[in-house]
Amino acid sequence: MAKSKRSDLGTPIARYHLKEIRWRDLLTVFFPLILVVLAPVGYGLWRTLYGYSSFGPAAASTWGRTWFLIGAFLVIPLLFYTLSRLKKAHTWIEVYSWGLFFHFPPGRKRLLNWEDIQGITSYSVNKSFLRFINKTRHYLIIHSRRYPPLHSHPGLHGREGLKKTIKKQVYTRLRPRLLQAFQGGEIIPFGEVAISKHKFMLPKQEIPWEYIDGISVQKGIFIVKLSAEKRIEIPIRKIQNIEILIHIIKTEI
């Protein structure tokens with residue numbers, strides 16, 4: 001699908017922004033920050049004029065200098081914060097009937113038809129600090145024929161809805177193809193693992209199905225239970241299309 005202009009994309013069904021800049025942000029965030037920067041500059045200007053009028057040029061050149069330096073120093077974090085907000089404001093994903101539109105700063109764009117998507121990796125990471133800060137970040141990675149893996153920013157608003165939409169559209173198309181290929185005797189890759197009708201495959205190990213007692217997922221780990229009371233643990237961040245993998249194993253093996 002060749003789309004040279006934004007208008008060629010059609011009307012988006014949904015847009016998932018990282019952090020938009022709204023008019024209220026200009027009034028409640030940027031305007032107060034600009035005042036913080038201008039305050040020492042204004043005070044320095046007043047000191048300069050007062051020194052000049054009362055004591056001459058020598059006083060004018062020194063009395064306001066410290067405040068001008070403070071204002072110049074405050075400009076630096078303001079610029080970094082503004083650039084960070086602009087970067088977040090230009091990070092979004094749009095959902096269309098034909099696929100996805102990724103927009104990353106500065107101006108990088110990626111178009112993906114649903115049919116181009118070959119795999120989805122979805123996982124969560126819990127980060128804690130001294131038991132006071134406990135935050136879970138959710139990650140979504142899209143694997144396709146056209147691009148290197150595309151990462152959905154974990155801070156996107158409505159990320160869970162985006163994940164459900166992508167999985168519904170992709171799995172509806174992908175599951176029948178993978179199931180047919182599996183039933184035809186092909187080896188089906190799922191990221192760092194693969195399966196066939198005869199065995200479960202890891203990068204350095206192949207296990208016949210008769211040696212496997214079951215599978216499960218616990219706390220971000222895909223667990224393969226072996227008949228010898230052992231088990232193999234694989235982080236789900238290394239597996240693509242884990243829902244289809246589990247479905248095929250439970251219904252076809």
Side-chain angles (χ1 to χ4, degrees), residues 3-9 11-96 100-111 124-142 147-162:
K3 298 181 182 294
S4 57
K5 299 180 180 179
R6 183 71 186 276
S7 58
D8 296 336
L9 302 179
T11 302
I13 299 172
R15 172 187 277 199
Y16 299 88
H17 244 290
L18 180 54
K19 195 169 187 178
E20 293 183 272
I21 296 180
R22 305 178 186 275
W23 284 108
R24 66 183 181 187
D25 294 323
L26 299 178
L27 296 175
T28 61
V29 178
F30 288 97
F31 184 68
L33 290 176
I34 292 172
L35 288 180
V36 170
V37 173
L38 291 179
V41 175
Y43 183 69
L45 181 61
W46 178 83
R47 294 271 297 177
T48 299
L49 294 175
Y50 177 76
Y52 181 81
S53 61
S54 301
F55 301 97
S61 64
T62 57
W63 283 23
R65 182 183 303 167
T66 300
W67 297 99
F68 292 146
L69 291 175
I70 293 174
F73 177 78
L74 291 175
V75 167
I76 297 174
L78 176 61
L79 287 176
F80 277 106
Y81 177 77
T82 302
L83 289 174
S84 174
R85 286 296 304 266
L86 288 174
K87 182 178 179 181
K88 292 178 180 179
H90 285 81
T91 300
W92 71 74
I93 299 175
E94 289 179 338
V95 179
Y96 292 84
L100 299 171
F101 172 68
F102 290 79
H103 189 279
F104 305 107
R108 293 184 296 119
K109 303 173 184 179
R110 299 289 184 268
L111 299 176
S124 301
V125 176
N126 185 271
K127 296 183 179 181
S128 60
F129 179 71
L130 299 178
R131 298 183 179 180
F132 296 105
I133 301 176
N134 194 351
K135 188 175 183 180
T136 301
R137 296 177 70 87
H138 305 280
Y139 295 87
L140 180 67
I141 305 173
I142 308 298
Y147 305 110
L150 297 174
H151 295 254
S152 164
H153 195 286
L156 283 177
H157 291 289
R159 192 203 60 85
E160 283 298 317
L162 173 64

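- Looking only at side-chain heavy atoms (C-beta outward), Phe102 and Leu111 stay at 4.5 Å or farther from each other.
- Relative ring orientation between Phe101 and Tyr96 is described as perpendicular, the plane-to-plane angle rising above 60° on a 0-90° scale split at 30° and 60°.
- Between the NZ atom of Lys88 and the CG atom of Leu18 there is a distance of 6.5 Å, given to the nearest 0.5 Å.
- Taking the salt bridge (Lys or Arg N to Asp or Glu O under 4.0 Å) definition, one finds that Arg65 meets it with nothing, sequence neighbours left out.
- In this structure, Thr91 and Pro105 have side chains that are in contact, with non-hydrogen atoms separated by less than 4.5 Å.
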Derivation of the side chain to side chain donor-acceptor pair (under 3.5 Å) call for His138 and Ser124: CA-CA 4 Å; His138 305 280; Ser124 301; 2.7 Å; yes
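- Put simply, OG1 on Thr62 and CZ on Phe55 are 11.0 Å apart, with the number rounded to the nearest 0.5 Å.
- Tyr50 OH: 12 or fewer foreign heavy atoms inside a 6.0 Å radius.
- Residues meeting the side-chain hydrogen bond (donor to acceptor under 3.5 Å, both in side chains) test with Arg110, sequence neighbours left out: none.
- Minimum interatomic distance between Pro40 and Leu74 (heavy atoms only, all atoms of both residues): CG-CD1, 4.0 Å.
- Between Leu33 and Val29, some side-chain heavy-atom pair lies under the 4.5 Å cut-off.
- The line from CH2 of Trp63 to CH2 of Trp46 is 8.5 Å long, rounded to the nearest 0.5 Å.
- Counting heavy-atom neighbours within 6.0 Å of Tyr52 OH, excluding the residue itself, gives a total of 12 or less.
- Note that the CG atom of Leu38 and the CZ atom of Phe31 stand 9.0 Å from one another [nearest 0.5 Å].
- Summarising the local packing, CZ of Arg108 is surrounded by more than 12 heavy atoms from other residues, nucleotides or ligands at distances under 6.0 Å.
- In terms of heavy-atom proximity, Leu78 sits nearest to Val37 at CD2-CG2, 3.8 Å.
- Across Ser152 and Leu156, no two heavy atoms sit closer than the pair OG-CD1, 3.2 Å.
- Looking at every heavy atom in both residues, Val95 comes nearest to Tyr16 through CG2-CE1, 3.8 Å.
- In terms of heavy-atom proximity, Glu20 sits nearest to Asp25 at O-OD2, 3.4 Å.
- Trp23 places a side-chain heavy atom less than 4.5 Å from the side chain of Leu26.
- Using a 30° and 60° split on the angle between ring planes, Trp92 and His103 fall in the parallel class, below 30°.
- More than 12 heavy atoms of other residues, nucleotides or ligands lie within 6.0 Å of OH in Tyr147, so this atom counts as buried by the packing criterion.
- Summarising the geometry, atom CZ belonging to Arg159 is positioned 10.5 Å from atom CZ belonging to Arg137; distances are rounded to the nearest 0.5 Å.
- A heavy-atom distance below 4.5 Å is found between the side chains of Ile21 and Arg85.
- Taken to the nearest 0.5 Å, the OG1 atom of Thr48 stands 12.0 Å off from the CH2 atom of Trp67.
- Checked by atom type, the side-chain pair Arg15/His17 shows a donor-acceptor distance below 3.5 Å.
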